[in-house]
Amino acid sequence: MEILSEIIAVFLDTVTDVLPIATIIFGFQFVVLRQKPANLDEILAGFAWVLVGLSLFLLGLKWCLFPLGRLMAEQLTDPAFILAGLDAKASIADIRWMDYYWVYIFAFLIGFSTTIAEPSLIAVAIKANEVSGGAIGIWGLRTSVAFGVAIGISLGCYRIVVGDPIHWYIISGYVIVVIQTTFAPKLIIPLAYDSGGVTTSTVTVPLVAALGLGLSETVPGRNPLIDGFGLIAFASLFPIMSVMAHAQLSAAKAKLDHKRDIQQKEQDAT
Amino acid sequence: MTDTLKRLLLAMLGSMRDLMPIFLVIVFFQFFVLQQQLPNIAQILLGVLFVVLGLTFFIHGLEQGLFPIGESMATAFARKGSLFWLLVFAFSLGFGTTVAEPALIAVAAEAADVAATGQMIEASEAARESYANGLRYTVALSVGLALVIGVIRILKGWPVQWLIIGGYLLVVVMTFFAPEEIIGIAYDSGGVTTSTITVPLVTALGVGLASSIRGRNPMIDGFGLIAFASLTPMIFVMAYGMLI
């Protein structure tokens, strides 16, 4: 009975989430554009699939991933756990930033794995693959974005532990993005910028927020209200760099292969 | 019918593969690092089943409903040729999808707590609520505006990087004038605005527009709308923090 009421509650939440979007879409479709889309039945069925799918997805996350992930974030940042890894005489004042290594590893792995499962990133990857005629691989894009998020979140955790002001990190990130933009292949730039925004939604945000909050509550001298924020910003900045870096590396490799091909042909000719 | 079923089954295998990394990470930390038992195994297994099914259905619906409608509307707007209605549509899509976004509501409430603790506003319930609502509408407005700017950019064919880098400069300059408490929230707000349903729709809209206008490349001009939608909230939230 309790499970049933929970299912209904999540379903209603999703409906209220989708309703404004559906109203805008179909309102404009019928009032302003005044035309019926060719395959209206199929599209409506598609919306129903999205609605049911998203509800189940959120419900499942709420039951398995979120409680476990939050619990882990709490336990890993707990001073007692950190101290257990040190010698018996150590006290809280002796904890250095390196001693939080399990937190950084957890941040990296959970950032990577949740990004791979992020539905909106899957959507963008499908579209990019289609538009580029297959030149941009779905998996290539998803893994490079996931690496970006992983690096971003672990660096963000390090920042909370040492207590540096966030804006120096973000501003340096911007500088790197600007420099990369001048060298990266033109086709990838808009997609790279977009991938910053798509990484952080349904799966990643709740877990990352819990990690940030857990860290800022337990590290001495941090204020959760101020230092707890900022991980999401890291998670949306670093994929921009990693996607451009991936494209730059692929381009460099293609160039190298091309050169080798030409040399090979020259050798064959002689 | 069997065709749909076959596609769903294949998609389900894909979903399992997508979720495998999370599963491995959780198992590794739970058993090897923290060395603890899994609480409530039955519920967790049911949850895993739901997540797999949910992701499968979502992706299925995405390709059947969200992508086609986004693209067909983009084409219809391009054919109709009414810039005014296209921009009104872009604005409502951005504003309407953001204002009800649960992640944003949560962040706005937390921001109000920060503001009350930092004595920027009164510590009363009413003051907090009005601060949170103001912030929410500010962000929604900024996302609406972002899509309008993004659509104009697609129509004109401006390179995305100049606008984005210009936005970055503005963010950097504002960082030095905004109250310190708001900076973390402002930076985060860029990431929370784009929800799972908005992203596919907005992407399809951009790509559809760029494909139906002659001289635009869907790869170069079609992407970039999301980038605007994650940049403008940072600027607007800092401005909100400076004004109040």
Side-chain angles (χ1 to χ4, degrees), chain A residues 18 20-21 24-25 28 32-33 37 42-43 46-47 49-50 52-54 56-57 59-61 63-64 68 72 75 102 106 109-110 113-114 116-117 119-120 123-124 127 131-132 166-167 170-171 174 178 181 187 189-191 193-194 196-198 200-202 205 225-226 229-230 232-233 236, chain B residues 18-19 21-22 25-26 29 33-34 43-44 47-48 50-51 53-55 57-58 60-62 64-65 68-69 72 76 85 89 92-93 96-97 100 103 114 117 160-161 164-165 168 172 175 181 183-185 187-188 190-191 194-197 199-200 203 207 218-220 223-224 226-227 230:
Chain A
V18 177
I21 303 175
I24 291 165
I25 297 252
F28 272 87
V32 178
L33 293 171
E42 218 171 283
I43 287 173
F47 266 86
W49 280 112
V50 164
V52 174
L54 208 55
L56 285 177
F57 190 66
L59 208 58
L61 289 178
W63 280 346
C64 64
L68 271 180
M72 281 182 186
Q75 288 171 334
W102 276 122
F106 180 72
L109 293 175
I110 207 80
S113 56
T114 53
I116 289 289
S120 43
V124 168
K127 199 88 253 173
V131 170
S132 67
I166 182 172
H167 52 268
I170 300 291
I171 292 172
Y174 284 169
V178 170
T181 302
L187 277 179
I189 292 172
L191 184 62
Y193 286 175
D194 265 6
V198 300
T200 44
S201 54
T202 341
V205 170
L225 285 176
I226 294 174
F229 291 98
I232 298 172
S236 15
Chain B
D18 292 341
L19 294 162
I22 300 189
V25 171
I26 296 276
F29 272 87
V33 181
L34 296 165
Q43 200 184 28
I44 288 177
V48 170
F50 274 29
V51 169
L53 283 179
L55 190 59
F57 292 169
F58 176 80
H60 184 74
L62 183 84
Q64 200 184 335
I69 188 92
S72 89
W85 281 115
F89 174 68
S92 352
L93 193 64
T97 55
V114 174
T117 321
V160 69
Q161 57 266 39
I164 296 287
I165 291 174
Y168 282 171
V172 171
T175 300
E181 293 85 5
I183 291 174
I185 299 162
Y187 285 177
D188 269 5
T194 42
S195 81
T196 312
I197 301 166
V199 166
T203 308
V207 169
M219 212 44 223
I220 292 181
F223 289 94
I226 314 264
S230 13

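Reminder, nothing fancy here: chain letters follow the sequence lines and each chain counts from 1. Keep in mind that this is a model prediction, so the values were computed, not measured.
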Pick from A:P190, A:G197, A:S120, A:G196: which one has the most heavy-atom pairs with chain B under 4.5 Å?
-> A:P190
Proximity breakdown for A:S236 and chain B, heavy-atom pairs closer than 4.5 Å = side chain
Look at B:P218, B:G96, B:G184, B:A227 and state which one has the largest set of heavy-atom pairs under 4.5 Å with chain A.
-> B:A227
Is a side-chain N or O of A:D194 found less than 3.5 angstrom from the main chain of B:I226, in a donor-acceptor match?
-> yes
When rounded to the nearest 0.5 angstrom, what distance separates OH in A:Y174 from CD1 in B:I164?
-> 9.5 Å
Option that, when pairs with chain A are counted at under 4.5 Å, heavy atom only, ranks first among B:L19, B:T203, B:L55 | B:L55
Answer yes or no: is there a donor N or O on one side and an acceptor on the other, between the side chain of B:D188 and the main chain of A:G230, under 3.5 Å?
-> yes
Looking only at non-hydrogen atoms, find the nearest pair between B:I69 and A:F47 and report the distance.
-> CG2-CE1, 4.0 Å
Pick whichever of B:V51, B:V172, B:L53 has the most heavy-atom pairs under 4.5 Å with chain A.
-> B:V51
Non-hydrogen side-chain atoms of A:I189 and B:V160 separated by less than 4.5 Å = yes
Contact part of B:V33 toward chain A, heavy-atom cut-off under 4.5 Å: side chain, backbone, both or neither?
-> both
Closest non-hydrogen atoms of B:F58 and A:P119, given as atom of the first, atom of the second and distance, are CE2-CB, 3.5 Å
By a 4.5 Å heavy-atom criterion (distance strictly below it), what part of B:V48 contacts chain A: side chain, backbone, both, or neither?
-> both
Flag the pair B:S92 / A:F28 as yes when at least one side-chain heavy-atom distance between them is below 4.5 Å, and no otherwise.
-> yes
By ring-ring contact (aromatic ring centres under 6.0 Å, His included), which residues pair with B:Y187, not counting sequence neighbours?
-> none
Contacts of B:I220 meeting side chain to side chain contact (heavy atoms under 4.5 Å, CB included) (sequence neighbours excluded), chain-then-number -> A:L187, B:N217
Give the intermediate values and the outcome of side chain to side chain contact (heavy atoms under 4.5 Å, CB included) for residues B:F50 and A:F57.
-> CA-CA 6 Å; B:F50 274 29; A:F57 190 66; over 6 Å; no
When rounded to the nearest 0.5 angstrom, what is the spacing between CD1 in B:I197 and CD1 in A:I21?
-> 4.5 Å
Angle class for the B:H60/A:W49 ring planes (parallel below 30°, perpendicular above 60°, tilted otherwise)?
-> perpendicular
Option that, when pairs with chain A are counted at under 4.5 Å, heavy atom only, ranks first among B:S230, B:G54, B:G65 = B:G54
Which atoms of B:I22 approach chain A - backbone, side chain, both or neither, heavy atom under 4.5 Å | both
Heavy-atom contact with chain A under 4.5 Å, split by part of B:T196 = both
Evaluate the side-chain proximity of A:P20 to B:T97: yes if any heavy-atom separation is below 4.5 Å, no if none is.
-> no
Please name the pair of heavy atoms, one in A:M72 and one in B:F29, separated by the smallest distance, quoted to 0.1 Å.
-> SD-CB, 3.9 Å
How far apart are the closest heavy atoms of A:A123 and B:L62, and which atoms are they?
-> CB-CD2, 3.6 Å
Among A:L33, A:I116, A:I166, single out the residue with the greatest number of heavy-atom pairs under 4.5 Å to chain B.
-> A:L33
Taking the side chain as every heavy atom from C-beta outward, state whether A:I43 and B:Q64 have any pair of such atoms under 4.5 Å apart.
-> no
Where does A:L109 contact chain B at under 4.5 Å (heavy atoms): side chain, backbone, both or neither?
-> both
Closest non-hydrogen atom pair between B:F89 and A:I25, with its separation | CE1-CA, 4.5 Å
Can you name the closest pair of heavy atoms from B:V207 and A:V131 and give their distance?
-> CG1-CG2, 3.4 Å
Do B:F57 and A:L56 have side-chain heavy atoms sitting under 4.5 Å apart?
-> yes
Residue from A:L59, A:L61, A:T181, A:I171 scoring the most non-hydrogen pairs under 4.5 Å with chain B is A:I171
